[in-house]
Undergrad: 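Structure below; questions to follow.
Because only heavy atoms are used, hydrogens play no part in the values below, and waters and symmetry mates are left out as well, while side chains stay in.
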Amino acid sequence: MLLELHHIRRGLFVPIARPLPPRPFKRSPFARQWSSSPKVSGTESAAARCVPRACLAMAAAVATKRRLAVHHGQKLSEEYTCRIPKTDAEILHFFLCFLEDQRLPDVPVFINGGYVRDLLLGKEPDDLDLTLCLRGCPEEVTVAALLDEMRGYVESRPEFGLSEFKNATILSNESKDKQLDTFKAHFTNKDGVKTEVDVMPTIGEEKYSDDNRIPIRDQRGLPEEDALRRDLTIGALLLRVQRAPGERGESNGLEFEVFDFYGGVDDLCKGVLRSPCPVNKSVAEVAEVVLRTPEEQEIAKHLKIQELPPDEAVQVLWWSKVLIDDPLRICRALRFAAKFKFELHKAFWLAVPFALEPLRTKVAGSRKFTEYQKIGGYGFKACFDFFHLAFNKTFGPEGSLRLASALLGGQDGKGQARMLSQVKSFNVDLYEELAAVIKPEASDASDGVELLGELMVAALAATDFEGRVQDPMTEFTTACDGMCVSNAMREAGLAPWKACAALVAEPPEANSLDSRVADACGVSPQSLVRHVQVWEAMKICTARTGPEYATPYRRRLALALAGLQRKDPDLQSCVEALSFLRPPVRGTVLNAKGVLEVPNPLRKQVMELFEVSTRLLKFDAPVEAGESLQKLFDMHPKLQAAFSSSVWMADDGKNLKSEFLPAKRGPDSGPKDGKGKHALRRGPRNRGYLV
């Protein structure tokens, strides 16, 4: 058992392994009521008291903004516990009863991780994680053994309201080899509600082998030892769950005791993200554990960690260990900063250099992308700030390091490292300018993956890279490959880039069909071709896998990117003309007998010319086969003459004129580019400016 140190002060805690005498075993009145009273069961009583109450939730939320009326060793008040979901309360009650019936009533049960944090922040928690302190128990008592017994217990005790129980390991093979006793329990109650609970023992001292950073862990550790291995203090908070004695013969269900060994409540109040660190270790002792390689020792020397005050040096070194053990925790820290709008403690930037290269080359990119998707879900500002920090923040020796290359990329699905090039400089003003054009309007929805793709493009466009220069679109593709991103994110970023490339390309020369349509619209042939070019570029931005509302934002970004590469005073006027609202031209116009019949090789070009010309002529009526098409031609006879078959057919009336023949294909079909591939030829299927 653990000593109950209710008046502990942060900074003065020294773990004490001496066990207290066991409490006498006595079945509580609650347990008897649970099993003997089907009408007013303990489950219902506990659940009823855990139903959220608006007034209490509001009071807790207000308290969080100023201070938290929560201290180490104290019972958590109902203003916080009222947000515990009914199903979680039922499962917690079940666990305590199960341990009691296994004659393990004194095994402490703790809720840990984000569940406690969210309760204190005034949120309804999810993802129930439990740790069992098995210190002092016989060797055969393990989490695995207990969960093996649990299935039969559920089946034999229907009064708990659980209809099904399953358990599964959640470990990698390497972790299994180190005999970590960790499982995921799956509960289904009588109403069909499913709940997953991660269950593991409290982990104690960690020992490392010379050739592996994954430690072998003591699975009979103390709660304070278990909390120390968490990556952030706000996630190192524990709640000990116990059954509360009733008043007047009626139980009030569960009670929760707060264990805050490393100042997590303090950091919640201050809005600071910081890792736990030992409070009773010297700098030399921590350095011996953390700095295990010459490379790590060299980094510590360059960062002058030994010159810091002892408490700061311990904080930096221990946080370094936390990040070295799992470099993905860098991404997690950034995510939590975005989620809660918390500030990263200054020690973070001294700890990151120790894990930056492993994060860049050894962490699976898909794990990073999972974190970034969550950042995307927090909205535009969170995404904007994430990329601003990744590209602009400098740290490490002489400010020589940035996060971007390590964050954006990773090991792809084949285990190959693919990531951004190192950032040389970042134009903050340009990034802000590009980001402003894709900031969602207040009335528009916001899709996280769409924001990630667009803002990443904006950041890349504002970046100069070290060494071999790659164009931003190649950098984007490489990073996406490394992170194994979704097709939606690729499209969100690549569509504006491809549209930009189309906009800045030299337009092709007008053919005779272009010239005739231009005359009908009252513009020059080259102006018409430019309008068609812009139309095609804007079509590239049409959202296919992304949300429909994203299309105009992609177009704005494409135009902004094009403006950086080519100053074209006519571009904006083209966009304005093509923004004339009208229904899309239906493909049936291409085969309107007696009015218009277009051969297959020209269908794409004719459809583009219809879309552009109707907008230049400000014709807003539908254009389909039959009467509507004839109405357009009656109002604009020059347009009907432009689409006459005599424009594209040879004199024999059977073959196309040579200028409209499709580009030939084959080994000898035309000029080749520098890579030996055939260069694009302008023809009816390829107007020569798309990439």
Undergrad: Can any side-chain N or O of Lys618 pair as donor or acceptor with the backbone N or O of Thr614 at less than 3.5 Å?
TA: no

Undergrad: Quick check on Glu432: does its CD atom have over 12 non-hydrogen neighbours (other residues, nucleotides or ligands) under 6.0 Å away?
TA: yes

Undergrad: Indicate yes or no for a side-chain donor-acceptor contact from Arg402 to the backbone of Thr394 under 3.5 Å, with no hydrogens or angles considered.
TA: no

Undergrad: Taking atom types as modelled, find out whether Thr474 and Asp471 have a side-chain donor-acceptor pair closer than 3.5 angstrom.
TA: yes

Undergrad: So, are Asp568 and Arg530 salt-bridged, with charged N and O less than 4.0 Å apart?
TA: yes

Undergrad: Any idea which heavy atoms bring Met419 and Gly410 closest together, and the distance?
TA: CB-N, 4.2 Å

Undergrad: Does the side chain of Asp634 pick up a donor-acceptor pair with the side chain of Gln630 at under 3.5 Å?
TA: yes

Undergrad: Looking only at atom types and distance, does a side-chain atom of Arg418 sit under 3.5 Å from a main-chain N or O of Thr477, one as donor and one as acceptor?
TA: no

Undergrad: Are side-chain heavy atoms of Ile324 and Pro358 found at a separation under 4.5 Å?
TA: no

Undergrad: If you draw a 6.0 Å radius around NZ in Lys439, do more than 12 non-hydrogen atoms from other residues or ligands fall strictly inside?
TA: no

Undergrad: Run the numbers on Leu334 and Leu403 for side-chain contact (heavy atoms from CB on, under 4.5 Å), then give the verdict.
TA: CA-CA 11 Å; Leu334 297 176; Leu403 286 172; 4.1 Å; yes

Undergrad: Taking C-beta and beyond as the side chain, do Phe619 and Phe580 meet within less than 4.5 Å on heavy atoms?
TA: no

Undergrad: Could you measure the distance from the CZ atom of Phe387 to the CG atom of Leu407? Nearest 0.5 Å is fine.
TA: 9.5 Å

Undergrad: Please check if the distance between the ring centroids of Trp319 and Phe348 is under 6.0 Å.
TA: yes

Undergrad: Could you list the residues that satisfy side chain to side chain contact (heavy atoms under 4.5 Å, CB included) with Lys539, not counting sequence neighbours?
TA: Trp535, Glu536

Undergrad: Could you tell me whether the side chain of Asp514 and the main chain of Asn511 form a donor-acceptor pair under 3.5 Å?
TA: yes

Undergrad: Is any side-chain N of the basic residue among Arg367 and Glu371 closer than 4.0 Å to the acidic one's carboxylate O?
TA: no

Undergrad: Please examine the side chains of Glu296 and Phe354, heavy atoms only from C-beta on, and report whether any two atoms are closer than 4.5 Å.
TA: yes

Undergrad: Where do Gln533 and Pro507 come nearest, in terms of heavy atoms and distance?
TA: OE1-CB, 3.3 Å

Undergrad: Verify side chain to side chain donor-acceptor pair (under 3.5 Å) between Ser512 and Glu659, making sure each step is shown before the conclusion.
TA: CA-CA 9 Å; Ser512 56; Glu659 65 177 309; 2.8 Å; yes

Undergrad: Atom NZ of residue position Lys339 - does it have more than 12 heavy atoms of other residues, nucleotides or ligands inside 6.0 Å?
TA: yes

Undergrad: Should we count CD of Glu343 as having more than 12 external heavy atoms under 6.0 Å?
TA: no

Undergrad: Does any donor atom in the side chain of Ser421 or Glu475 lie under 3.5 Å from an acceptor atom in the other side chain?
TA: yes

Undergrad: List in chain and number order the residues that pass side chain to side chain contact (heavy atoms under 4.5 Å, CB included) with Leu590, two or more places apart in sequence or in another chain; answer none if no residue qualifies.
TA: Val598, Arg603, Val606, Met607

Undergrad: Taking the ring of Phe384 and the ring of Tyr431, is the distance between their centroids below 6.0 Å?
TA: yes

Undergrad: Roughly how far, to the nearest 0.5 Å, is the CZ atom of Arg554 from the OG1 atom of Thr551?
TA: 6.0 Å

Undergrad: Side chains of Val517 and Val612, heavy atoms from C-beta outward: is any pair under 4.5 Å?
TA: no

Undergrad: Determine the minimum heavy-atom distance between Ala404 and Val423, stating which atoms define it.
TA: CB-CG2, 3.9 Å

Undergrad: Taking all non-hydrogen atoms of both residues, which atom of Ile438 and which atom of Leu557 are closest, and how far apart?
TA: CG2-CB, 3.8 Å

Undergrad: In Å and rounded to the nearest 0.5 Å, what is the CG to CG distance from Leu455 to Leu434?
TA: 10.0 Å

Undergrad: Does a side chain donor of either Thr545 or Glu491 reach within less than 3.5 Å of an acceptor in the other side chain?
TA: yes

Undergrad: Verify, without hydrogens or angle tests, whether Thr370 (side chain) and Ser366 (backbone) share a donor-acceptor contact under 3.5 angstrom.
TA: yes

Undergrad: Would a 4.5 Å heavy-atom cut-off, applied to side chains only, mark Leu629 and Glu624 as touching?
TA: no

Undergrad: Just by modelled atom types, is the Ala338 backbone N or O under 3.5 Å from a matching donor or acceptor in the Lys381 side chain?
TA: no

Undergrad: How long is the gap from CZ on Arg586 to OG on Ser628, to the nearest 0.5 Å?
TA: 9.5 Å

Undergrad: Kindly say whether Val322 contributes a backbone atom to a donor-acceptor pair with the side chain of Arg329 at under 3.5 angstrom?
TA: yes

Undergrad: Ignoring hydrogens and geometry beyond distance, is a side-chain donor-acceptor pair present between His636 and Gln640 at under 3.5 Å?
TA: no

Undergrad: Going through the checks in order, is the side-chain contact (heavy atoms from CB on, under 4.5 Å) test met by Leu356 and Phe395?
TA: CA-CA 11 Å; Leu356 200 60; Phe395 58 96; 4.1 Å; yes

Undergrad: Where do Tyr553 and Cys541 land on the side-chain contact (heavy atoms from CB on, under 4.5 Å) test, with the steps shown first?
TA: CA-CA 9 Å; Tyr553 293 102; Cys541 293; over 6 Å; no

Undergrad: Using ring centroids (six-membered ring only for Trp), state whether Phe643 and Phe610 fall under 6.0 Å.
TA: yes

Undergrad: Do Gln411 and Val363 come within less than 4.5 Å of each other through their side chains, counting heavy atoms only?
TA: no

Undergrad: Passes side-chain contact (heavy atoms from CB on, under 4.5 Å), Leu503 versus Leu561? Steps please.
TA: CA-CA 10 Å; Leu503 288 170; Leu561 293 170; over 6 Å; no

Undergrad: Going from CD on Gln422 to CG on Leu401, what distance comes out if it is rounded to the nearest 0.5 angstrom?
TA: 8.0 Å

Undergrad: Between Arg615 and Glu611, does any side-chain N to carboxylate O distance fall below 4.0 Å?
TA: yes

Undergrad: What distance do Leu632 atom CG and Ser613 atom OG have between them, rounded to the nearest 0.5 Å?
TA: 7.0 Å

Undergrad: Salt-bridge test for Arg360 and Glu357: reply yes if a basic N is under 4.0 Å from a carboxylate O, no otherwise.
TA: yes

Undergrad: Do Pro472 and Val457 come close enough that some side-chain heavy atom pair is under 4.5 Å?
TA: no

Undergrad: Identify whether the distance between the nearest side-chain nitrogen and carboxylate oxygen of Asp481 and Arg490 falls below 4.0 Å.
TA: yes

Undergrad: Got a donor-acceptor contact below 3.5 angstrom from the Ser644 side chain to the Val647 backbone?
TA: no

Undergrad: Counting C-beta onward and ignoring hydrogens, is there a side-chain heavy-atom pair between Leu408 and Lys368 closer than 4.5 Å?
TA: no

Undergrad: Write down the atom of Cys521, the atom of Leu617, and the distance for their closest heavy-atom approach.
TA: CA-CD2, 3.9 Å

Undergrad: Do the side chain of His345 and the main chain of Ala347 share a donor and acceptor less than 3.5 angstrom apart?
TA: yes

Undergrad: Working note: Phe386 + Tyr372, criterion ring-ring contact (aromatic ring centres under 6.0 Å, His included); need CA distance, chi angles, decisive distance, verdict.
TA: CA-CA 9 Å; Phe386 169 72; Tyr372 306 155; 5.0 Å; yes

Undergrad: May I ask you to decide if the ring planes of Phe340 and Phe336 are parallel, tilted or perpendicular, using 30° and 60° as cut-offs?
TA: parallel

Undergrad: Nearest heavy-atom pair of Ala459 and Phe426: which atoms, and what distance?
TA: O-CE1, 3.4 Å

